[in-house]
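Below, chain A is the first sequence line, B the second, and so on; all start at residue 1. Only heavy atoms go into these numbers, but all of them, side chains included; no hydrogens, no water, no symmetry mates.
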There are 2 protein chains.
Amino acid sequence: MTSAAAQNYLKAIYTLQEQQAAVTTSALAQYLKVSAASATNMVKKLARARLLHHSPYHGVQLTGRGEKMALEVIRHHRLIELFLARTLAVPWDCVHAEAEKIEHVISEDLEDRIATFLGDPTLDPHGDPIPTKAGQVARPVYPSLLDVGAGQSAVVRRVSDQNPEHLRHFSKLGLVLDANVDVLEREPFEGPLRVRVASGAEHIVDETLAREIWVSPLTGQTRTGMARVKKSK
Amino acid sequence: MTSAAAQNYLKAIYTLQEQQAAVTTSALAQYLKVSAASATNMVKKLARARLLHHSPYHGVQLTGRGEKMALEVIRHHRLIELFLARTLAVPWDCVHAEAEKIEHVISEDLEDRIATFLGDPTLDPHGDPIPTKAGQVARPVYPSLLDVGAGQSAVVRRVSDQNPEHLRHFSKLGLVLDANVDVLEREPFEGPLRVRVASGAEHIVDETLAREIWVSPLTGQTRTGMARVKKSK
DNA sequence: TCGCAAATTTAGTCGCGGCTAAATTTTTTA
DNA sequence: TAAAAAATTTAGCCGCGACTAAATTTGCGA
Ligand SMILES: [Mn+2]
Ligand SMILES: [Mn+2]
Ligand SMILES: [Mn+2]
Ligand SMILES: [Mn+2]
C-alpha cells in the first residue's frame, strides 16, 4: 500500500479539502484526470486502509493518518522543488514536474538530508509552505492579485505552480516571489488588470492569471505608498 | 514501453554482457531476483520492441538500440550517485539505493543540468565510468585486489557498489577511491589478505571482499616501492 | 546414442491502476 | 411530487509485471 498512485490521490484530496470540506468523486477524478470509476476504485482502497472516510455518493474526508501521509508527500514535493531550484537553478516552471516524480521515490534519510542542506526551509519556490517532519503546516491566506484595488500596491507572496506556461509568463513579467506590484487599473466586469512591476514596466494581466498570484497588499497608494513603506523600514 | 522494469532488465543484461557474451534467462532472473518465467516474459517484450535479440533456450543479446537505452539509464544512475554524494554528502554506501529509484524518473533536461553542474564527470563515487550523452563509455579494466601479489602496493580505482555493508566496511578500513594499499601477505588457497592502508593501519580483507575492489598495481615493493614512486613524481 | 536432469518456455493466475458501459442513487426541475 | 438529469458506484475488461506449475527443449553422461 501507499503506491505512487495512492500518494497522488491522498495529495489531491488534501489539496481539494483546503477549498471545500467534502471532496466528491468527480472533483477528485477531474483534478487527477482519471475517470470517476477509477477514483471510486482507489477511494475504496484508501478507505479500507483507513486513510480516509468514504460516505458513498457524498464524498470523502481524510483521516488523521491520511492527512499525515498526504503532508509527508507534500513535504517531499516542496523540498525537492526548492532543492532543484537552489542547487541546479532549475527554473520555477520546471521544478514541479520533476518533483511530481521524485517525491515518490526518495527515502526518509534523503528527505532529511535535503531539509538540513536547505536549512529547514518553510517555503518552496512558489511560496507554498513546507510541512514539518511532524506534519505541521502553515496555512498562509493571501488575497489574490485580483483582490487588490486599482491604485494599490502589493508584494507577491505565492504563485500557483500548476501551469508551467503561466509561471514562465510571470517571471518574464517580473512577477516573482517578493516582487512589488502596483495595480494601476482594473477593467470592469472582472476584466484584466494593468500593473507596474519593480523595473517600472507596465503589463496587462488577465483575470485567470491574476487569480494564480497571491499577494500582501500594502497600505497607501502605488508609488507614494511604496515610497512610504520603503522609508519606514 | 521502457517502463522502470524494462529499464532495469536492459541495465542488468548490459552488466551481465560485460562478463559473458550470451546472457541466459537464469542469469538474468538470478541477478534481478525474479523467477525465470518472469525474465522470459520481459525478454519477449524487449525482443518485440527490438531492444534485444532472443535466441530461445540460448540467451539474449542487446541490439544497438537496447545497449544505447541501457547506457542512458546507467548514465542517469551514476550521475545521480555523484550528485547526491557531492551536494548532500550522502555516503557511498547509500547513493546506490537512492539512484536506483531516481534514475527512472528524471527528465533529460534534469540529467543535463546535473551533468553540467558536476562538470561533465567521467567517474561516479565508486569509480564506475559514466557513459556520455552519446552513449560512449570507457571500459577501464583493473585487476582486483586479490590479484595483487604479497609485497606489492596498489591504488584503489573502483569498488563494487552492490553491497552497502561491504562499502561501509571498506570506508571504515580506509579503502576508498584513490587510496594506497600495501598487500602484506596472502593466506594460501585463495585465503584472506593482510593489507596496510594509508593511515598505517593493517587489516585483514576477506577474499570475497577483495574481489570487490579493483586497483592499479604499483611497480616495486610495498614501503620501498611506494617511497620510490612518490620520489619519482 | 539414448535417457535423464537441468534450463527454459508456456499456461494460467494475481494485484495494481487504469478504462467503458451499465446500474444505482441523489439532486434538480417541471 | 414525479420524472429527468446528474453524479456515483458497480461490473467487467485490459496491460503490466510479478508468480507457480506444467510442458518443452537442450545438453550431458552412461
Ligand atoms: Mn509543485
Ligand atoms: Mn510548489
Ligand atoms: Mn550504483
Ligand atoms: Mn556506482
Ion pair present between B:K133 and B:E111, side-chain N to carboxylate O less than 4.0 angstrom?
yes

Euclidean distance, atom CG of residue B:L32 to atom C1' of D:dC19 [Å, nearest integer]:
15 Å

Quickly work out the B:M42 CE to D:dG15 P distance and round it to whole Å.
15 Å

For A:V156 and A:V215 the tightest heavy-atom approach is CA-CG1, 4.0 Å

Between C:dC19 and A:S38, is there an OP1 or OP2 to side-chain N/O distance shorter than 4.0 Å?
yes

What's the verdict on side chain to side chain contact (heavy atoms under 4.5 Å, CB included) for A:F170 and A:V159, showing C-alpha distance, side-chain angles and the deciding distance?
CA-CA 9 Å; A:F170 292 149; A:V159 178; 3.6 Å; yes

Please encode protein proximity along nucleotides 7-13 of chain D as a string of B, S and -, counting only heavy-atom distances under 4.0 Å.
-BBB---

Is the closest side-chain heavy-atom distance between A:L110 and A:I114 below 4.5 Å?
yes

What integer distance in Å separates A:Q30:CD from D:dA6:C1'?
14 Å

Below 6.0 angstrom between ring centroids: does that apply to A:H96 and A:H77?
yes

Just wondering, more than 12 heavy atoms not from A:Q30 lying within 6.0 Å of its CD?
no

Could you give the NZ-to-P distance, from A:K45 to C:dC14, as a whole number of Å?
16 Å

